[in-house]
**Q** 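Supplied in C-alpha cells, the structure appears directly below.
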Amino acid sequence: MSRFISACLLVAVQIVLGGLSAQTTGLSSSDAQSASPTERNCFAHEKHVQMMGLTKYAAETERIEQHTAQWAPIVAQQRAANQNAVVTIPVVFHVVYRTSTENISDAQIQSQLDVLNADFRRLNSDVDDIWPQAA
C-alpha cells in the first residue's frame, strides 16, 4: 500500500515539475476529451512502472520506501494508543444563497455533520472495511 502511495506521490511531483502531455499517457487530446467516465483510466501505475527503469527514479523510490518503513512501527503504536480517542476538528460552513428560500437551516447543516461524524467513526448502518481513513 505504501509503495502505491509513494508511486502516486512521485508521479504527481513529476506532473507538477515536468508536466505530462496527453501523448505521455497514451491518449490523444481528442481521445482524452471524448472518453466516457467508464473508459478513463488512471495511468499513475503504468507511468510508475515505466519510470522504475530510470536509475534515479528507482533509487529515490527506494529511499522513500525505506524512510516510510522506519515510521510504520511508530504510527502503528500511536494508532493503538489512540484507538478510542475522538479528534475534534473545527469546521465552518458557508451557505451561499440568493433568496431566503434557497437558504438551508442550521438543523440541516447539523444533520449532515452528524452523518459525516458517524461515517468517520464507523457508526453508520452501512459500515464496511473498504475505507481505511475511517476510525
Side-chain angles (χ1 to χ4, degrees):
M1 179 72 156
S2 68
R3 284 188 185 265
F4 178 74
I5 293 171
S6 297
C8 289
L9 179 61
L10 287 171
V11 170
V13 168
Q14 182 196 13
I15 290 170
V16 170
L17 295 178
L20 283 177
S21 67
Q23 293 173 345
T24 306
T25 61
L27 287 177
S28 69
S29 59
S30 62
D31 289 340
Q33 291 173 352
S34 65
S36 68
T38 57
E39 295 173 347
R40 283 192 245 165
N41 293 314
C42 175
F43 290 96
H45 180 71
E46 287 85 353
K47 187 64 178 175
H48 168 69
V49 170
Q50 175 189 12
M51 291 188 67
M52 284 302 282
L54 303 173
T55 306
K56 188 173 181 178
Y57 181 87
E60 185 63 14
T61 300
E62 184 58 32
R63 187 190 68 75
I64 290 171
E65 288 299 323
Q66 289 174 358
H67 182 75
T68 303
Q70 292 174 354
W71 286 96
I74 296 168
V75 171
Q77 184 181 18
Q78 289 175 344
R79 283 185 180 169
N82 297 322
Q83 189 171 6
N84 294 325
V86 174
V87 178
T88 301
I89 302 171
V91 294
V92 175
F93 294 93
H94 297 275
V95 179
V96 180
Y97 60 94
R98 191 173 347 146
T99 64
S100 60
T101 57
E102 295 173 342
N103 192 10
I104 60 173
S105 68
D106 290 346
Q108 286 176 291
I109 294 171
Q110 186 61 52
S111 172
Q112 186 59 54
L113 187 58
D114 292 341
V115 169
L116 287 171
N117 283 331
D119 285 343
F120 275 100
R121 294 186 72 201
R122 293 184 183 245
L123 300 174
N124 54 352
S125 61
D126 61 346
V127 67
D128 57 30
D129 290 328
I130 296 174
W131 198 44
Q133 292 85 351

**Q** How close do P73 and A69 get, counting heavy atoms only, and between which atoms?
**A** CD-O, 3.3 Å
**Q** So which residues get pulled into I74's cluster when ILVMFWY side chains under 4.5 Å apart are joined, directly or through others?
**A** W71
**Q** Is a side-chain donor-acceptor pair under 3.5 Å present for E62 with Q66?
**A** yes
**Q** Who else is in I104's hydrophobic cluster (ILVMFWY, side-chain heavy atoms under 4.5 Å, direct or via others)?
**A** V91, F93, V95, Y97, I109, L113
**Q** Check whether any side-chain heavy atom of M51 lies under 4.5 Å from a side-chain heavy atom of T61, and answer yes or no.
**A** no
**Q** Got a second to check how far R98's CZ is from N103's CG, nearest 0.5 Å?
**A** 13.5 Å
**Q** Would you say Q70 has more than 12 foreign heavy atoms packed within less than 6.0 Å of its CD?
**A** yes
**Q** For Q110, enumerate each residue passing the side-chain hydrogen bond (donor to acceptor under 3.5 Å, both in side chains) test, keeping only those at least two apart in sequence or located in another chain.
**A** D114
**Q** Please tell me if the side chains of Q112 and V115 come closer than 4.5 Å, counting only heavy atoms from C-beta onward.
**A** yes
**Q** How about H48 and M52: do any of their side-chain heavy atoms sit closer than 4.5 Å?
**A** yes
**Q** Looking only at atom types and distance, does a side-chain atom of E102 sit under 3.5 Å from a main-chain N or O of T99, one as donor and one as acceptor?
**A** yes
